[in-house]
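The next block holds one structure in the form of structure tokens; read it before the comments.
In what follows, chains carry the letters A, B, and so on, assigned in the order in which the sequence lines appear, proteins first and then strands, with residues in each chain numbered from 1. Note that the coordinates shown come from a computational prediction; the quantities given were computed from them, not determined experimentally.
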Amino acid sequence: MKTRLASLLQQAISALQSQSELPDGPAPTIKIEHTRDPSHGDYACNVAMMLAKPAKKNPREIAQSIIDNLPADTDVTRVEIAGPGFINFFINPLSQHAIINTIVEQGGAFGKSDIASGKKVQVEFVSANPTGPLHVGHGRGAAYGATIANLLSAIGYKVHREYYVNDAGRQMDILATSVWLRYLEVCGETLTFPSNGYKGSYVPTIATELKNVHGELFMANADDVFNDITADEPAGGDKEKHIDALISRAKEQLGHDHYRLIFDAALNSILGDIRNDLEGFGVQYDDWFSERSLMDNNAINTAIEKLKASGHMYQKEGAWWFKSTDFGDEKDRVVIRDNGQTTYFASDIAYHLHTLNRGYDIIDVWGSDHHGYVPRVKAALQAMGADPERMKVLLVQFAVLYKNGEKMQMSTRSGQFVTLRELREEIGSDAARYFYVMRKAEQHMDFDLDLATSQSNENPLFYVQYAHARVCSVMRLLAEKGLTYSVENGLNHLDKLTETHEVNLIDTLNRYPAKLLQAAQHYEPHQLTHYLRDLATQFHSYYNSHKFIIDDDNLMQARLVLINATKQVLHNGLNLLGVNAPESM
RNA sequence: GCGCUCGUAGCUCAGUUGGAUAGAGUAUCGGUUUCCGAAACCGAAGGUCGUGGGUUCGAAUCCCGCCGAGCGCACCA
């Protein structure tokens with residue numbers, strides 16, 4: 001309908017231009033919007049006001065000329081000028097009914113489109129270091145990323161969902177060493193656990209498993225291990241140097257193969273837990289991409305060579321630097337450390353290049369604490385001759401948790417955090433998924449655990465699900481009464497749906513496809529949650545003022561088609577959010 | 001100090017390329033069930049859109065200053 005109106009307006013404007021009533025040249029893009037106030041009609045357009053300046057005319061005057069030149073359309077019942085120069089359209093309500101036919105016809109596909117026509121995009125999200133279980137901060141990125149992927153897929157993108165596994169680097173070494181030290185404790189050694197080690201309870205668990213499988217294969221004397229190691233912070237030393245020394249000691253005492261065994265045991269255990277956790281959260285991936293694989297297949301060196309060839313690399317103090325300031329970054333960045341090891345940044349450059357080379361545009365969902373990292377990655381892509389516009393970073397604020405009215409501090413290292421799994425167990429995946437995407441991603445978010453766990457009706461998910469369940473309930477009752485539902489009959493009598501509640505509900509149904517498109521293009525799932533609440537409100541209001549199971553069979557069938565169409569749209573929307581649409585509550 | 005994100009009802013938040021009287025939920029107050037599920041519905045009240053300027057027909061939205069919050073400023077990942 002919007003495009004139809006736009007085309008009518010375009011014709012009128014062209015006509016005026018040829019009569020020299022309006023200046024030639026490109027007219028402003030015609031924007032048709034739904035009105036907020038029903039007294040303003042169904043659709044409104046501000047094009048007359050946009051033309052006021054170039055035409056040097058009163059906007060209301062222009063609006064009148066446009067209306068006078070507007071071609072007739074059977075579904076437009078009235079056109080008005082209002083306010084400073086809006087053109088308001090009143091649409092024949094019966095023409096809106098057609099959406100119900102469309103919904104019945106398309107079912108679960110209703111609302112989807114092929115706007116993106118199969119363009120390939122990779123959504124990389126969560127990608128937490130496999131050094132511990134996911135916590136509620138990661139949960140938001142998981143819910144958001146998964147929903148974004150669903151939305152993009154719904155408008156025709158070919159979406160690749162990927163988890164980038166940081167299975168290399170110092171943090172993993174710290175984890176492996178932490179596991180080994182706990183293992184020694186399990187085997188009866190006493191030692192002072194490093195202050196910078198991973199202290200979560202999952203570490204001794206992995207250590208115990210290791211002992212069950214391998215016995216005392218990795219056994220060592222604790223005094224030997226700690227002999228000549230730089231002092232830890234509590235002992236007046238440096239915690240970073242302390243843990244680094246312990247890592248070196250672990251590698252040298254265990255030897256490459258045994259160290260790798262422990263390292264992989266820790267990695268596999270934690271990654272397995274993360275996979276399981278995300279699966280339970282309804283989050284699916286097409287690929288779990290290993291950072292280590294970039295080293296194994298030389299992709300990192302290739303990328304670095306490419307950077308060097310670009311002329312934006314230089315050597316300083318034994319390290320290789322990328323001159324990212326050439327591309328607007330704050331400072332230059334190290335790619336190869338003076339000890340010869342490549343940095344995380346080097347891996348990430350290689351990873352992004354690799355993804356682009358596979359033909360995907362990139363959407364990275366990152367925690368907002370990584371926002372300073374964006375310019376350097378884009379700079380690297382640009383230096384290597386790639387288009388940095390092909391990479392889009394969506395930043396997600398961490399949720400701040402409140403319990404008993406107090407803010408909870410979280411840190412993976414200290415082992416003090418609420419895990420995603422705990423959250424799911426307490427409030428359920430549906431509520432968590434919905435709650436997480438209800439707010440704009442870059443908005444700070446207060447997550448009140450007491451509120452979420454109380455299952456109060458504060459949680460709007462129940463409201464939406466209830467609307468869906470209510471339709472199901474009506475249909476159950478219909479069957480109990482021995483009555484039958486005829487879609488055909490209902491579709492044939494849509495013209496009987498003339499009550500205000502019905503018109504409003506149908507109007508809301510009409511808005512769904514555009515809303516879905518907008519939510520996807522702007523990466524804003526919260527638009528969908530707001531829409532679904534609106535739709536549920538319309539339905540509940542209708543439900544309370546009209547009965548559906550009535551004596552007039554034609555009217556009843558028409559109403560049943562309407563509420564089933566509503567149910568379908570609720571279902572489609574919730575499905576995109578990764579939330580169930582229950583038949584009963 | 002510099003940079004990024006942000007400041008809207010008591011609280012949690014919408015307000016999408018600048019549009020008409022700034023909207024929901026929740027909390028508060030008052031109504032609605034012999035009737036398809038009251039986890040619902042209807043109504044009232046609630047605002048100097050942080051603040052001061054600027055841009056124009058028109059600003060919560062764009063520009064600048066100030067105040068306040070969060071995050072970032074590693075040869076960590």
Side-chain angles (χ1 to χ4, degrees), chain A residues 29 31 33 35-37 39-40 44-46 49-50 52-53 58-60 82-86 88 127-129 131 166 168-172 174 240 291 316-321 330-331 333-345 347-348 367-375 395 397-398 400 438-448 451 455-463 465-467 469-478 480-481 518-519 521-522 524 526-527 529-530 533-534 536-537 539-550 556 559-560 563 584-585:
Chain A
T29 49
K31 196 176 123 199
E33 57 182 15
T35 56
R36 236 176 295 172
D37 187 338
S39 72
H40 295 139
C45 182
N46 67 347
M49 290 181 286
M50 304 290 285
K53 191 171 243 176
N58 183 318
R60 289 191 65 109
F86 287 99
N88 291 340
S127 300
N129 283 347
T131 52
N166 296 121
R170 181 165 172 264
Q171 295 304 323
M172 286 304 296
I174 295 177
E240 303 292 348
E291 179 187 357
K316 193 179 82 178
E317 292 161 8
W320 275 94
W321 297 68
E330 289 178 346
K331 52 180 80 167
R333 311 291 174 176
V334 170
V335 174
I336 306 175
R337 294 200 284 259
D338 58 5
N339 65 7
Q341 286 203 313
T342 56
T343 58
Y344 170 85
F345 179 45
S347 302
D348 228 8
S368 63
D369 54 336
H370 283 68
H371 71 257
Y373 196 76
V374 179
L395 298 171
Q397 286 281 350
F398 275 169
V400 180
M438 230 167 47
R439 314 259 129 99
K440 260 205 297 225
E442 68 266 30
Q443 193 73 256
H444 303 116
M445 172 177 163
D446 291 339
F447 206 127
D448 187 331
L451 200 63
Q455 298 226 355
S456 71
N457 40 2
E458 173 96 11
N459 192 333
L461 170 62
F462 291 127
Y463 184 84
Q465 287 183 322
Y466 181 43
R470 255 186 161 173
V471 177
C472 298
S473 173
V474 171
M475 299 312 284
R476 278 194 298 270
L477 188 84
L478 186 79
E480 277 172 32
K481 290 193 170 182
Q518 199 180 27
Q521 288 177 327
H522 292 267
E524 293 183 343
H526 76 270
Q527 294 209 48
T529 64
H530 280 89
R533 176 165 239 296
D534 273 357
T537 300
F539 171 76
H540 285 309
S541 185
Y542 180 34
Y543 181 97
N544 270 67
S545 57
H546 295 285
K547 288 203 65 171
F548 308 142
I549 299 177
I550 48 177
M556 175 176 85
R559 287 183 171 173
L560 291 179
I563 65 170
S584 66
M585 310 280 292

Counterpart base for [N], defined by Watson-Crick or G-U wobble contacts under 3.5 Å:
| N | result |
| --- | --- |
| B:A9 | none |
| B:A20 | none |
| B:G30 | B:C42 |
| B:C4 | B:G70 |
| B:C36 | none |
| B:A60 | none |

**Study point:** Whether A:Phe86 stacks on the six-membered ring of B:A20 base, 5.5 Å and 30° limits
**Key:**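 Per 5.5 Å and 30° rule: yes, stacked.
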Check your understanding: Base, sugar-phosphate alone, or nothing: which one does A:Ser545 contact when heavy atoms must sit under 4.0 Å apart?
Key ->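 Counting heavy atoms under 4.0 Å across all strands, no contact is made by A:Ser545.
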Practice item. Indicate, with a heavy-atom threshold strictly under 4.0 Å, whether A:His522 touches base, sugar-phosphate, or nothing. Key: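 The residue A:His522 makes base contact.
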Review point. Nearest to the side chain of A:Ile549 - B:A24, B:C13, B:C36?
Key: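 That would be B:C36.
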Exercise for review: Taking only the side-chain heavy atoms of A:His371 (C-beta and beyond), determine which of B:C75, B:G72, B:A77 contains the nearest atom.
Suggested key: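 Among the listed nucleotides, the one closest to the side chain of A:His371 is B:G72.
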Exercise for review: Return the 5'-most residue of the pair A:Phe548, A:Gly318 with respect to RNA chain B, ranking by each residue's nearest nucleotide.
Suggested key: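 Closer to the 5' end of RNA chain B: A:Phe548.
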Exercise for review: Check the pair A:Asn166 / A:Glu291 against side-chain contact (heavy atoms from CB on, under 4.5 Å), numbers first and verdict last.
Suggested key: CA-CA 5 Å; A:Asn166 296 121; A:Glu291 179 187 357; 3.3 Å; yes
Review point. Can you check B:U33 for me, syn or anti if syn means within 90° of 0?
Key: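 Because its glycosidic torsion lies within 90° of 0, B:U33 adopts the syn conformation.
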Check your understanding: A:His530 vs A:His526 aromatic rings, parallel, tilted or perpendicular, using cut-offs 30° and 60°?
Key ->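 If you compare the ring of A:His530 with that of A:His526, the planes turn out perpendicular.
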Check your understanding: Taking the inter-plane angle between the rings of A:Tyr542 and A:Phe548 on a 0 to 90° scale, is it parallel (under 30°), tilted (30 to 60°) or perpendicular (over 60°)?
Key ->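 Plane angle between 30° and 60°, so tilted.
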Review point. Closer than 4.0 Å, any side-chain N/O of A:Arg533 to the OP1 or OP2 of B:U26?
Key: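 Negative; the distance criterion is not met.
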Check your understanding: Counting only distance, no hydrogens or angles, is the base of B:U5 paired donor-acceptor with the side chain of A:Gln397 under 3.5 Å?
Key ->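 Absent.
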Review point. Between the side-chain atoms of A:Gln521 and the base atoms of B:U16, is any donor-acceptor pair under 3.5 Å?
Key: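 In this structure, the two groups form no donor-acceptor pair.
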